[in-house]
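Single-structure report; data block below.
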Protein chains: 2
Amino acid sequence: MTKAKHSRFDCSPGCAVEATVSLIGGKWKSIILWHLHADGTLRFSELRRRIPNVTQRTMTNQLRELEQDGLVHRKVYPQVPPKVEYSLTELGRGLVPILEALKHWGDANLDRFGKPSSTADQTTE
Amino acid sequence: MTKAKHSRFDCSPGCAVEATVSLIGGKWKSIILWHLHADGTLRFSELRRRIPNVTQRTMTNQLRELEQDGLVHRKVYPQVPPKVEYSLTELGRGLVPILEALKHWGDANLDRFGKPSSTADQTTE
DNA sequence: GCACATAGTATCAATAAGGATACCACGTGA
DNA sequence: TCACGTGGTATCCTTATTGATACTATGTGC
């Protein structure tokens, strides 16, 4: 892990849970991992098209951290203009059950949050 | 959700994943949820004993957010000294497969991180 | 009478994370 | 020749999150 939020593993029962969450808890990391899972190998520009709201700087940062944690593979083609491909590593593919569970729960329950179940939300953009 | 990290649900495929992560992504939230799952109903002081490094203020904050998100139930007994019990709601219990998957992955892979088991780590700072 | 436990609240500070903006070298297409 | 795309880097700023510390009212036990 690039840097655990609180850098200590006391190996209490919650430890594994919390450490794993910290790997995927970066603001955009779970979405990046999701897209690499759903669409396979993607280039930087393809990721940016799929996740338009993240800045270039942040996308680069989070991809680098995911790479450093061994979850994502970065392949650079020696050409100009540059071509870089990102894909899940075997370790990263191990996170797929988690991503699927997260999506399953979210799909089933997200309408309880922020979605226009609230009339106030219905009037917003 | 008390406040989504980036407050928009565009309902792209990653949306459900990322929104769910943001519910459990508070620094101590996943550990709190884990202990409420593992040990059932717990009092505030019991949680603090299980998670000694969190400050009282932060524990209160995160529990309040989990309650506001409907994941945790807070029961106050009208007595002195005060007695408050926290437990997972039905919605919160729906997160258990996620917590189990997180723990499973962490147990299988955490030795790659933060612990000096990696030779690469041994040579680095 | 005092220390302790309970479950907090209040306030300010510190740290971390992410955003905004400008810039880069080169090939390609118009 | 210029605009654009590629995949970034650099720097500073803003925001969010968490931590540190002090304090609270009451009952209980010593």
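Convention: sequence-line order gives letters A, B, ...; per-chain numbering from 1. Only this structure's heavy atoms are used, side chains among them; waters, hydrogens and symmetry mates stay out.
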Length of the CD-C1' vector between A:E67 and D:dG8, whole Å:
13 Å

Just grab all the ring pair (Phe, Tyr, Trp, His ring centres under 6.0 Å) pairs involving residues 43-75 of chain B, residues at least two apart or on different chains.
none

Please enumerate all residues that pass side-chain contact (heavy atoms from CB on, under 4.5 Å) together with A:E46, with sequence neighbours excluded.
A:L42, A:R43, A:R49, A:R50

Sorted by chain and number, sequence neighbours left out, side-chain contact (heavy atoms from CB on, under 4.5 Å) with B:T58 holds for B:W28, B:V54, B:T55, B:Q62

Please report the closest heavy-atom contact between A:D107 and B:A16, naming both atoms and the distance.
OD1-CB, 3.3 Å

In whole angstrom, what separates A:R48's CZ from D:dG7's C1'?
10 Å

Is the distance from OP1 or OP2 of D:dT9 to the nearest side-chain N or O of A:R64 less than 4.0 Å?
yes

Where do N or O atoms of nucleotides 24-30 of chain C meet protein N or O atoms at under 3.5 Å, pair by pair?
none

Expected output is a numbered-order residue list: members of residues 54-63 of chain B with a heavy atom under 4.0 Å from any atom of DNA chain D. What is it?
B:T55, B:R57, B:T58, B:Q62

Identify, with sequence neighbours excluded, every residue that meets side chain to side chain donor-acceptor pair (under 3.5 Å) alongside B:E85.
B:Y77

Quick one: is C:dA5 close enough that its OP1 or OP2 comes under 4.0 Å of any side-chain N or O from B:R43?
no

With sequence neighbours excluded, residues passing ring-ring contact (aromatic ring centres under 6.0 Å, His included) with A:H37
A:W34

Reckon B:R49 has a side-chain N or O less than 4.0 Å from the OP1 or OP2 of C:dA5?
no

If you only use heavy atoms from C-beta on, which nucleotide in C:dA7, D:dG8, D:dT6 is closest to the side chain of A:S45?
D:dT6

Count I, L, V, M, F, W, Y as connected when their side-chain heavy atoms are under 4.5 Å apart, and connections chain through other members. Are A:L47 and A:V76 then in the same cluster?
yes

At 4.0 Å (heavy atoms only), tell me whether B:Y77 reaches a base, stays on the sugar-phosphate, or touches nothing.
nothing

Rounded distance in Å - CD1 (A:I32) to C1' (C:dA17)
14 Å

Value in whole Å for how far the P atom of D:dT17 lies from CD1 of B:I24
15 Å

Applying side chain to side chain donor-acceptor pair (under 3.5 Å), name anything that partners B:R74, two or more places apart in sequence or on another chain.
B:Y86

side-chain contact (heavy atoms from CB on, under 4.5 Å) involving A:N109 - partner list, sequence neighbours excluded
A:W105, A:R112, B:L91

Send over the distance from A:E46 CD to D:dG7 C1', rounded to a whole Å.
13 Å

Within the pair A:K27 and C:dG19, is there a side-chain N or O less than 4.0 Å away from OP1 or OP2?
yes

